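Data first, discussion second: the structure below is written as structure tokens.
Here is how names work: the chains are called A, B, and so on, in the same order as the sequence lines, proteins then strands, and each is numbered from 1. Quick caveat, the model's predicted, so the values are computed rather than measured.
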There are 2 protein chains.
Amino acid sequence: MKARAVDRRIQRTRQLLHGSLMALIQEKGFEALSVQDIIDQANVGRATFYAHFDSKEDLLASGIENLRASLKERQRQARSAGGSDERLFAFSRELFTHANEHRTIFRAMVGKRSGAVVQQLLQKMLVDLVREEVRGTWAEKENETPIEAVSQFIGGGLFGLLMWWGNGKMRMAVDDVDLMFRRLAIPSLKAAAR
Amino acid sequence: MKARAVDRRIQRTRQLLHGSLMALIQEKGFEALSVQDIIDQANVGRATFYAHFDSKEDLLASGIENLRASLKERQRQARSAGGSDERLFAFSRELFTHANEHRTIFRAMVGKRSGAVVQQLLQKMLVDLVREEVRGTWAEKENETPIEAVSQFIGGGLFGLLMWWGNGKMRMAVDDVDLMFRRLAIPSLKAAAR
DNA sequence: TCGTTTCGGAACATAATGTTCAGTTTCCGA
DNA sequence: TCGGAAACTGAACATTATGTTCCGAAACGA
């Protein structure tokens with residue numbers, strides 16, 4: 001458990017690149033970006049970029065990894081704090097709230113211009129979160145439907161909903177879209193648990 | 001409604017390109033393909049390719065368009081032939097069956113190597129099919145949950161399930177995975193219709 | 001058969017990728 | 001604070017793909 005001190009230069013470079021990526025995604029979308037754009041914006045040498053990341057996809061993935069970690073943490077907190085059945089999928093609220101708070105960057109990412117790569121990573125992340133949740137409430141009581149299938153279904157559904165909400169005007173309130181998700185997902189889960 | 005006779009050369013070229021695309025996807029996945037690969041395999045001139053399609057994505061989309069049309073047709077048949085509530089989401093069977101029959105190409109397409117673009121197109125297609133179905137059974141009876149949201153949720157879920165099934169060994173039988181989908185989706189739909 | 005359309009194939013301009021390397025700056029800890 | 005280690009720079013370079021253009025040849029269909 002040593003607190004591995006990471007070289008400041010590395011921290012700075014990574015931070016600069018992540019920041020530039022986010023800024024540029026808002027500006028032109030992810031697909032249209034080149035590595036050159038990113039390093040220009042970050043004012044970082046070409047060689048330096050490739051010393052840290054394999055490609056712009058890699059950089060993006062690393063950014064999403066941070067997001068996942070932060071959401072997982074909030075999920076952990078929510079679970080330990082709340083009652084069990086009532087707060088099923090409690091993390092969804094955090095998710096929608098987070099999306100709403102960072103709505104400009106969020107909408108840029110799920111928008112058509114950012115494209116399929118971003119979305120795929122997001123969906124994977126959501127399925128992970130859902131799986132965690134399903135595992136917790138499943139208790140392995142000899143169900144016919146595999147955990148993984150349920151997670152994929154509900155995770156996929158959540159992603160679809162999130163995309164729809166984000167690509168529209170997001171005029172629906174966080175509470176409402178969250179409620180909608182829960183009313184769609186929980187019956188599925190219960191039905192599969194029989 | 002004139003039966004526009006399409007020049008044979010055009011038909012041939014398109015067919016050749018589609019065929020080559022499918023063959024190459026099985027071989028190396030979609031992302032790794034270049035336009036050059038495709039026209040080599042098809043034995044078609046470079047200029048000819050760009051006279052028909054803007055890019056390999058365009059070619060792919062046009063291919064998936066065919067698939068969508070054929071699935072929609074089977075969906076239409078299934079609906080006119082079956083009872084209403086009992087055969088809810090009857091098209092899903094067609095879908096899984098179709099995937100199973102063309103399993104080699106299907107698995108190549110949803111595999112990690114083919115990547116996000118293919119998957120995004122597939123998901124869009126599924127949501128379309130689901131929306132059609134939901135519209136049919138919805139009857140606009142003043143529901144709180146918008147049709148579009150439900151379609152996105154269930155379509156996304158179906159996609160997740162399909163991916164999971166396809167990326168695993170597809171050892172689960174068509175009937176079983178279809179049943180699983182229906183047991184997950186129908187409760188959602190019913191719950192949202194309240 | 002004749003006029004029209006499409007195809008072929010090469011050439012070309014443009015642009016992005018990913019690697020290499022020598023020289024410089026920055027960092028960290030002893 | 002100093003010295004060695006590590007990270008950054010910037011430019012050069014090979015490679016690869018993209019999309020367009022042109023004209024002669026071939027295939028079409030009426």
_Under 4.0 Å, heavy atoms only, any strand: does A:Arg8 hit a base, just the sugar-phosphate, or nothing?_
sugar-phosphate
_Donor-acceptor pair, distance only, cut-off 3.5 Å: does the side chain of B:Thr97 make one with the backbone of B:Arg93?_
yes
_Donor-acceptor under 3.5 Å (A:Lys56 side chain, A:Leu33 main chain)_ = yes
*Which nucleotide in D:dA7, C:dC27, C:dC7 has an atom nearest any side-chain atom of A:Arg12*: C:dC27
*Main-chain N/O of A:Leu71 paired to A:Arg76 side chain as donor or acceptor, under 3.5 Å*: no
*Would you classify A:Arg14 as touching base, sugar-phosphate or nothing, given that sugar-phosphate means primed atoms plus P, OP1 and OP2, and contacts are heavy atoms under 4.0 Å?*
nothing
_Counting only heavy atoms and a strict 4.0 angstrom limit, can you tell me which residues of residues 33-50 of chain A come near DNA chain D?_
A:Asn43, A:Val44, A:Gly45, A:Ala47, A:Thr48
*Side chain B:Thr13, main chain B:Arg9, donor-acceptor under 3.5 Å*: yes
_Backbone N/O of A:Leu24 and side chain of A:Gln41: donor-acceptor pair under 3.5 Å_ = no
*Are the side chain of A:Ser114 and the backbone of A:Gly111 linked by a donor-acceptor contact shorter than 3.5 Å?*
no
*Answer yes when A:Asp37 and A:Lys28 have at least one side-chain N-carboxylate O distance shorter than 4.0 Å, and no when they do not.*
yes
*Quick one: B:Glu57 CD to D:dT18 C1', roughly how many Å, whole number?*
12 Å
*To the nearest Å, give me how far apart CG (A:Leu59) and C1' (C:dG18) are.*
16 Å
_Carboxylate-amine/guanidinium contact A:Glu148 A:Arg131, below 4.0 Å_ = yes
*Divergence of helical axes at both termini of the helix from C:dT1-D:dA30 to C:dA30-D:dT1 - five pairs an end, 10° steps*: 40°
*Could you tell me whether the phosphate oxygens of C:dT6, OP1 or OP2, come under 4.0 Å of any side-chain nitrogen or oxygen in B:Thr13?*
no
_B:Trp165 ring center within less than 6.0 Å of B:Phe96 ring center_ = yes
_Phosphate contact (D:dA7 OP1 or OP2) by A:His52 side-chain N/O below 4.0 Å_ = no
_What is the separation between atom CG on A:Asp54 and atom P on C:dA16, rounded to the nearest whole Å?_
20 Å
*Rounded to the Å, how far apart are B:Arg9 CZ and D:dA25 P?*
16 Å
_Residue closer to the 5' end of DNA chain D, B:Ala32 versus B:Asp7 (nearest nucleotide)_ = B:Ala32
